[in-house]
Amino acid sequence: MFDPFLQELENGIRSRGGEPIAVPEGLAHQQSTKTGSHINSWLWQVPGFRRWRVTRLDAGDSLQVLNSVAYPSPDHDHPLLGIDLLWFGARQKLVAVLDFQPLSQEPAYFDRHYNGLKALHDQFPDLSGEETMRSFDPNQYFSPWLLFCRGGAEQAETSLPKAFTPFLAAYWSLHDQAKASSSALEPDSVLKLQQAYDVYSAERDPAHGLFTSHFGKDWSDRFLHDFLFPASQPA
Ligand code: BLA
């Protein structure tokens, strides 16, 4: 379902000099003996970034996922790239979240980094519904201009493909601007905030139950703490 987006993401990463690097042992691929679903993950070394991870889950008609997070190098304080796309085929249900995930909720931070995303938020009202968050706090590591849609086939097949390319382009453009200007936050603070994102996300991520049901608790715990959010520690 999301493979064209996965390809586009990968093409962008490669065109910026990104190289695949090793995923911790046993976490790059897993197949469920129960459901036959499989999950693949990639790590990229990309100039200007500390870490860039990508995951694809294929559980057939029940669920397709594309998930990615990019952590800029600590010498730049711009937001993380956050992508979470879910398609529940049997129910024809889309959950799409695309955001520049902020390190701070200060107005000055938003003024510096959000012109690109604000424009997309206005341009794609179909993906910019005021959806309620059930597990996350919208005021922590999410921006007021995130593209967040709980929709159906129409949004999945029409709105999302139209928005995905400009969303990535806006993030690359933000990244280029950030590299060309000086960071307002010190590298130490940027790193601490990115690590706090991992701790927070590992606690709240609604995916853990889903992973456990497909791939068992031991593998899912390791995947969560060693791959998805490495600065988090097992409870
Ligand atoms: C919601 N994300 C969800 C849900 C699942 C996943 C199962 C609940 C679906 C629903 O609300 O109906 C799935 N999340 C995953 C998977 C992975 C994952 C499979 O991390 C890992 C491979 N989530 C992110 C990122 C963002 C994000 C980077 O991982 C930011 C763009 C957002 N996901 C996000 C939000 C929700 C969500 C905002 C709704 C959660 C809520 O209602 O609080």
Side-chain angles (χ1 to χ4, degrees), residues 1-2 5-6 9 23-24 27-30 32 35 37-43 49 51-60 62-72 79-103 114 117 120-121 127-152 155-156 160 163-164 167-168 170-171 194 197-215 219-232:
M1 176 71 176
F2 299 125
F5 300 152
L6 176 63
L9 185 63
V23 169
L27 300 181
H29 179 246
Q30 186 72 339
S32 167
T35 62
S37 62
H38 50 106
I39 184 163
N40 288 81
S41 295
W42 299 267
L43 262 184
F49 290 87
R51 174 181 173 83
W52 196 319
R53 65 164 167 85
V54 179
T55 295
R56 171 190 190 273
L57 170 70
D58 177 0
S62 78
L63 180 61
Q64 300 281 320
V65 179
L66 174 62
N67 183 279
S68 185
V69 177
Y71 302 73
L80 290 76
L81 173 76
I83 296 176
D84 198 15
L85 305 177
L86 296 93
W87 174 249
F88 300 87
R91 289 184 277 148
Q92 296 280 292
K93 184 186 145 189
L94 173 77
V95 180
V97 195
L98 301 170
D99 199 10
F100 297 177
Q101 300 200 258
L103 295 180
Y114 282 81
L117 191 61
L120 294 178
H121 189 87
L127 301 177
S128 309
E130 303 297 313
E131 299 290 349
T132 310
M133 289 192 192
R134 300 164 188 151
S135 22
F136 293 114
D137 173 354
N139 298 314
Q140 272 195 67
Y141 294 110
F142 288 99
S143 82
W145 303 281
L146 86 169
L147 305 182
F148 180 13
C149 158
R150 297 182 198 274
Q155 284 79 18
L160 188 58
F164 194 78
F167 172 77
L168 287 185
Y171 189 76
Q194 289 185 355
Y197 168 91
D198 275 6
V199 172
Y200 172 79
S201 303
E203 277 168 14
R204 302 285 186 108
D205 196 330
H208 190 251
L210 183 140
F211 289 139
T212 303
S213 70
H214 285 270
F215 307 110
W219 188 88
S220 302
D221 284 351
R222 246 199 94 211
F223 186 64
L224 186 79
H225 295 296
D226 293 355
F227 180 74
L228 290 181
F229 307 111
S232 71

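What you see below is based on every heavy atom in this structure, not just the backbone, and it leaves out hydrogens, waters and symmetry mates. Numbering of ligands and ligand atoms starts at 1, following listing order.
- No option in D84, I83, L228 other than L228 meets the side chain to side chain contact (heavy atoms under 4.5 Å, CB included) test with T55.
- Side-chain contact between E131 and V95 is absent, with no heavy-atom pair separated by less than 4.5 Å.
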Where does ligand 1 get N/O contacts under 3.5 Å from the protein, atom by atom?
| from | atom 1 | to | atom 2 | distance (Å) |
| --- | --- | --- | --- | --- |
| ligand 1 | 2 (N) | D84 | OD2 | 2.7 |
| ligand 1 | 11 (O) | R150 | NH1 | 2.8 |
| ligand 1 | 12 (O) | R150 | NH1 | 2.9 |
| ligand 1 | 14 (N) | D84 | OD2 | 3.3 |
| ligand 1 | 14 (N) | D205 | OD1 | 3.4 |
| ligand 1 | 20 (O) | N67 | ND2 | 3.1 |
| ligand 1 | 20 (O) | D205 | OD2 | 2.7 |
| ligand 1 | 23 (N) | D84 | OD2 | 2.9 |
| ligand 1 | 29 (O) | N67 | ND2 | 2.8 |
| ligand 1 | 33 (N) | D84 | OD2 | 2.7 |
| ligand 1 | 42 (O) | R134 | N | 2.6 |
| ligand 1 | 42 (O) | R150 | NH2 | 3.0 |
| ligand 1 | 43 (O) | R134 | N | 2.7 |
| ligand 1 | 43 (O) | S135 | N | 2.6 |
| ligand 1 | 43 (O) | S135 | OG | 3.3 |
| ligand 1 | 43 (O) | F136 | N | 2.9 |

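- Residues F223 and F211 bring their aromatic ring centres within 6.0 Å.
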For N40 and D58, what are the C-alpha separation, side-chain angles and deciding distance, and is it a side-chain contact (heavy atoms from CB on, under 4.5 Å)?
CA-CA 9 Å; N40 288 81; D58 177 0; over 6 Å; no
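- When all heavy atoms of P79 and Y171 are compared, the pair lying nearest together is O-OH, 2.7 Å.
- Ring geometry for F164 versus F167: interplanar angle of 30 to 60°, hence tilted.
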